[in-house]
Amino acid sequence: MAETALLYFERERKAALDLAHLAKLSPKLIARHDFPDGEMKLRLHANLSHRAVLFHTLDHPNEKLIELLFAAKTARRLGAHHLTLVSPYLAYMRQDIAFEAGEAISQRIIGDLIASLFDAVITVDPHLHRTSNLKEAIPVEQALVLSAAPLLGGLAAKQRPNPFLIGPDEESAQWVAQAALSNRLDYAVAHKIRRGDKSVEITLPLINVKDRHVVILDDIASSGNTLARAAERLYAAGAITVDVAVTHALFNGDAIEIITQAGIQEIWSTDCIAHPSNVVSVLPDIAQALSSLI
Ligand code: R5P
C-alpha cells in the first residue's frame, strides 16, 4: 500500500519535511505557477495515496486559502479519500460574531469551507473565544486541538528564575493558565480594551510584580501593540525584565520594533509560523496527533 502523502508548499518546506520525517509520511511538493495576471496554477503528485495530509499554516490567509481550496479539491480528484489538514495556525478564528450589523462572521465562513474540504483538522491554539470547541468552528469529522502553552511555560521557566506569567487580555486566560499550572508558575490575566487595529489599552490586575521576571504569554502577536502596552504597564509596576512567549508569530509590519521599543527583551515563539523568534517546536506533538488519525 502507498505511504500516506504529506502535501506541502515550497515556502513551508522545512517544517513539512521535518513533520514528514517525524510522522513517517511521504512528502510531496505542490508545485505552484503564478501567471502574469495574478492567477495561479497548482500541480500535485499525480497518484495519491488513499489517505493524504495537507500541511498549510494560514498566515497570509487570503492567498493561502485559495491554495488550500485548489490543493484539497485536486487531492480528492487524484484519489485521496481521506484528507487531513494540518494547519498549525488557523486564520480568521477571531471574528466569531458580527460585532456590528452586517459584518461577515469570518470564523463560520472559513470553518464551513475547511469542513467541506477535509475529513480531519489538526491545529495549535486556535483563537476560540466565544466558541467552545474547534468542531463548533469547523464542523469536520475529526478536529484535534493541540496547545503550545505548556511548552512555552516550560521555556519561560528555563530562561528566567521563577517567572511570573501574564496573559494580556481575558482571551489569553486559557493559555496562560495552562502554561502556568503545568510548570507551577505564578500567573495573572490583564484586561484589554481595543480602540483600533493598532491601539489597545491594558490594565493590570492587582498583582505584585516588583522585582519579578515577567513573561507575557499570548496566542497571537500581530501588530505587537498588545504586547508593547502590557510591557509598559509591567515595567511601571516594577518588573525587572519583560519577555514574550507566543504561539503564533505573525509579527506584522513594524511589530518587532514596537515591541523592542517597549523594552521587551526576549521574544520566544513556536514554529507554527516560521519566524526568527521560533524556539519551540510543535511538530513532535503534531506527529503524535497524526498517528492517532492515520
Ligand atoms: C487577540 O485577542 C489575540 O489574542 C492577540 O492578543 C491579538 O491578536 C494581538 O494583536 P496585536 O499584536 O495586533 O495587538
Side-chain angles (χ1 to χ4, degrees), residues 57-62 87-99 103 105-107 110 123-134 137 145-149 151-153 156 165-180 187-205 214-235 242-270 272-273 275-278 280 282:
T57 203
L58 295 176
D59 55 316
H60 302 99
N62 299 345
S87 191
Y89 172 61
L90 274 179
Y92 284 117
M93 292 293 112
R94 281 169 286 183
Q95 178 91 29
D96 56 2
I97 54 169
F99 295 94
E103 280 182 354
I105 304 175
S106 317
Q107 185 194 80
I110 298 302
T123 190
V124 183
D125 293 336
H127 191 93
L128 301 178
H129 181 204
R130 283 156 286 256
T131 314
S132 58
N133 62 58
L134 186 61
V145 172
L146 309 175
S147 181
L151 295 173
L152 290 172
L165 303 187
I166 294 282
D169 52 28
E170 287 76 2
E171 287 138 275
S172 65
Q174 53 183 310
W175 301 293
V176 76
Q178 275 188 73
Y187 80 99
V189 177
H191 175 64
K192 177 167 88 180
I193 298 175
R194 185 170 282 285
R195 306 256 178 231
D197 289 347
K198 296 188 173 184
S199 170
V200 296
E201 275 171 35
I202 302 276
T203 315
L204 295 183
V214 181
V215 177
I216 309 169
L217 193 137
D218 205 0
D219 60 332
I220 301 170
S222 174
S223 73
N225 283 286
T226 297
L227 299 172
R229 299 295 84 76
E232 286 161 2
R233 293 277 180 233
L234 290 161
Y235 279 123
V242 180
D243 306 300
V244 302
V246 294
T247 303
H248 303 299
L250 288 172
F251 294 117
N252 300 117
D254 55 357
I256 295 292
E257 207 183 313
I258 287 171
I259 289 169
T260 311
Q261 272 171 8
I264 288 170
Q265 301 200 352
E266 300 288 335
I267 302 172
W268 302 307
S269 67
T270 77
C272 285
I273 297 170
H275 186 267
S277 62
N278 291 171
V280 165
V282 294

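Order of listing sets the numbers, starting from 1, for every ligand and every atom in it. Here the structure is a predicted model, which means the values were calculated and not measured. One-based numbering along the sequence shown.
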State which residue, out of His127, Gln107, Arg130, fulfils the side chain to side chain donor-acceptor pair (under 3.5 Å) condition with Asp96. Arg130
For Glu171, atoms of ligand 1 separated by under 4.0 Å from a heavy atom: 2 (O)
With the threshold set at under 4.0 angstrom, would you say His129 reaches ligand 1 through any of its heavy atoms? no
Suppose we screen for salt bridge (Lys or Arg N to Asp or Glu O under 4.0 Å). Which residues come up paired with Arg229, at least two apart in sequence or across chains? Glu232
Would you say ligand 1 has an N or O under 3.5 Å from any N or O of Trp175? no
Measuring only between side-chain heavy atoms, which start at C-beta, is Val244 closer than 4.5 Å to Asp218? no
Any heavy atom of Gly224 sitting closer than 4.0 Å to ligand 1? yes
Numbered atoms of ligand 1 (with element) below 4.0 Å of Asn225, judged on heavy atoms: 12 (O), 14 (O)
Any atoms of ligand 1 less than 4.0 Å from a non-hydrogen atom of Asp169? List them with their elements. 2 (O), 6 (O)
Taking side chain as C-beta onward, heavy atoms only, is Ser147 less than 4.5 Å from Asp125? yes
At a 4.0 Å cut-off, with the gap strictly under it, does some heavy atom of Lys198 reach an atom of ligand 1? no
Provide the number and element of each atom of ligand 1 under 4.0 Å from a heavy atom of Ser223. 11 (P), 12 (O), 13 (O), 14 (O)
State the atoms of ligand 1, each with its element, that fall below the 4.0 Å cut-off from a heavy-atom position in Asp219. 3 (C), 4 (O)
